[in-house]
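Following: one structure in structure tokens, then a few remarks.
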Protein chains: 2
Amino acid sequence: MKREKKAEVFREFIVREGLKSTRQREIILDFFLSSKRHMSVEELYRKLRARHPSIGYATVCRTLKLFAQSGIAHEMRFGDGQTRYEHIAEGEHHDHLVCTGCGTIAEFENKTIEELQASVADSHGFLIHSHKLELYGLCARCRK
Amino acid sequence: MKREKKAEVFREFIVREGLKSTRQREIILDFFLSSKRHMSVEELYRKLRARHPSIGYATVCRTLKLFAQSGIAHEMRFGDGQTRYEHIAEGEHHDHLVCTGCGTIAEFENKTIEELQASVADSHGFLIHSHKLELYGLCARCRK
DNA sequence: ATGTATTTTGATAATCATTCTCAATTAGGA
DNA sequence: TCCTAATTGAGAATGATTATCAAAATACAT
Ligand SMILES: [Mn+2]
Ligand SMILES: [Mn+2]
Ligand SMILES: [Zn+2]
Ligand SMILES: [Zn+2]
């Protein structure tokens with residue numbers, strides 16, 4: 001039921017912000033929530049176009065940005081020039097292992113690292129708003 | 001003397017790779033090694049242009065990339081659309097605190113975080129080649 | 001249900017940092 | 001010095017994203 005929850009959060013955001021519910025936004029929301037994680041804009045656009053050829057690229061870009069603003073998605077860049085999005089629930093967080101061989105992206109959580117980050121920030125008088133931790137290298141399959 | 005050491009490492013790289021030592025490369029090297037850290041290509045280009053108006057932007061881009069290849073520099077992107085470079089000595093490493101208020105970039109090292117990253121990678125059978133850890137937020141000055 | 005003001009859409013143009021192209025220049029070994 | 005390959009600078013190209021804008025759709029009041 002996580003999926004319908006995210007859809008609901010987005011719909012509430014639309015109302016709260018005085019935006020409008022449109023056929024395109026609902027379609028993109030549906031595709032996005034059922035897509036694999038870390039999809040690029042281009043990938044999602046191609047997937048959509050197969051069933052909804054009339055939806056424009058700009059609308060996909062704009063809508064994904066709205067997803068991020070509403071809190072149901074994270075925007076990320078892994079250095080390949082593509083902007084990627086993943087849907088995520090409130091409070092969830094994880095970091096990424098990015099395989100430079102095959103492009104596979106694995107996820108991990110490490111509470112201790114997060115705590116150490118916080119203590120580093122404290123010692124600098126710095127107030128953390130967000131962070132990015134990415135490990136680049138070869139996945140188990142690619143290293144052989 | 002760290003500076004002359006880096007210059008020497010780059011010159012050896014040039015020879016080893018069969019490249020040529022040029023007036024432009026020496027000038028850019030000199031400016032780069034004496035510039036503040038985390039300079040964007042644009043910033044370095046403007047600094048250079050004041051004294052050497054004939055050096056082209058493309059040459060600056062190409063030369064900074066060579067610095068990174070030779071190991072005397074790191075290329076980095078903090079999400080503002082600019083590619084930045086910092087000169088760094090062999091074996092050195094640090095991560096960054098990026099102030100979203102004033103753009104200030106602070107540096108830190110944390111051996112424990114690095115070790116935990118390695119153990120995360122191990123547990124995934126992943127071979128780390130590089131990593132990126134950036135903390136975004138407000139610096140001590142901007143948070144007041 | 002109908003009208004109306006406002007938002008949204010899709011096609012296309014614009015953006016913008018970076019990279020590419022290529023003729024002219026330069027470096028450096030023979 | 002000569003020769004060849006590398007380098008340079010100017011401008012074009014790139015490519016993902018964003019802006020523009022007329023047409024379409026939505027939300028709400030009548
Ligand atoms: Mn993820
Ligand atoms: Mn640094
Ligand atoms: Zn892989
Ligand atoms: Zn600041």
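Below, chain A is the first sequence line, B the second, and so on; all start at residue 1. All figures in this text were calculated on a predicted structure; none of them were measured in a lab.
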For this session: Under 4.0 Å between any heavy atoms, over every strand shown, what does B:Glu42 touch: base, sugar-phosphate, or nothing? Just pick one.
Result: nothing

For this session: Would you grab the first and last nucleotide of DNA chain D (5' to 3') that comes under 4.0 Å of any non-hydrogen atom in chain A?
Result: D:dA16 to D:dA27

Exercise. Where is the tightest heavy-atom contact between A:Ala121 and B:Leu97, given as atom of each residue plus distance?
Worked result: CA-CD2, 4.3 Å

Problem set entry | Least distance between heavy atoms, A:His131 atom then B:Leu135 atom | CB-CD2, 3.6 Å

For this session: Specify the separation, in whole Å, of atom CG of B:Leu64 and atom P of C:dA17.
Result: 15 Å

Would you give me the side-chain donor-acceptor pairs under 3.5 Å for residues 54-62 of chain B, sequence neighbours excluded?
residue: B:Thr59; atom: OG1; partner: B:Arg62; partner atom: NH2; Å: 3.3
residue: B:Arg62; atom: NE; partner: B:Ala58; partner atom: O; Å: 3.4

Exercise. How far apart are the C-alpha atoms of B:Glu86 and B:His38, what are their side-chain angles, what is the distance that settles it, and do they pass the side-chain hydrogen bond (donor to acceptor under 3.5 Å, both in side chains) test?
Worked result: CA-CA 5 Å; B:Glu86 66 181 351; B:His38 322 117; 2.9 Å; yes

Exercise. Of all of residues 23-32 of chain A, which get a heavy atom below 4.0 angstrom from DNA chain C, listed by number?
Worked result: A:Gln24, A:Arg25

For this session: Give a yes or no on whether a salt bridge exists between B:Glu43 and B:Lys47, defined as a side-chain N under 4.0 angstrom from a carboxylate O.
Result: no

Exercise. How would you list, by chain and number, every residue that makes a salt bridge (Lys or Arg N to Asp or Glu O under 4.0 Å) with B:Glu4, sequence neighbours excluded?
Worked result: B:Arg11

For this session: Go through the structure and list residues passing ring pair (Phe, Tyr, Trp, His ring centres under 6.0 Å) with A:His74, not counting sequence neighbours.
Result: none

Expected list for residues 136-144 of chain B: side-chain donor-acceptor pairs under 3.5 angstrom, two or more places apart:
residue: B:Tyr136; atom: OH; partner: B:Glu134; partner atom: OE1; Å: 2.5
residue: B:Arg143; atom: NH1; partner: A:Gly125; partner atom: O; Å: 3.0

Might you list the N or O atoms of the protein lying below 3.5 Å from N or O atoms in nucleotides 28-30 of chain C, with each pair's distance?
residue: C:dG28; atom: OP1; partner: B:Ser21; partner atom: N; Å: 3.0

Problem set entry | By ring pair (Phe, Tyr, Trp, His ring centres under 6.0 Å) - contacts of A:Phe13 (at least two apart) | none

Exercise. Roughly how far, to the nearest 0.5 Å, is the CD1 atom of B:Ile113 from the CD atom of A:Glu115?
Worked result: 11.0 Å

Exercise. Under the ring pair (Phe, Tyr, Trp, His ring centres under 6.0 Å) test, which residues partner A:His124, sequence neighbours left out?
Worked result: none

Problem set entry | Which residues share a salt bridge (Lys or Arg N to Asp or Glu O under 4.0 Å) with A:Glu107, sequence neighbours left out | A:Arg37

Exercise. Looking at residues at least two apart in the chain, or sitting in another chain, which of them share a ring pair (Phe, Tyr, Trp, His ring centres under 6.0 Å) with A:Phe67?
Worked result: A:Phe10, A:Phe32

Between N or O atoms, less than 3.5 Å apart, protein on one side and nucleotides 19-25 of chain C on the other: list the pairs.
residue: C:dT19; atom: OP1; partner: B:Lys65; partner atom: NZ; Å: 3.3

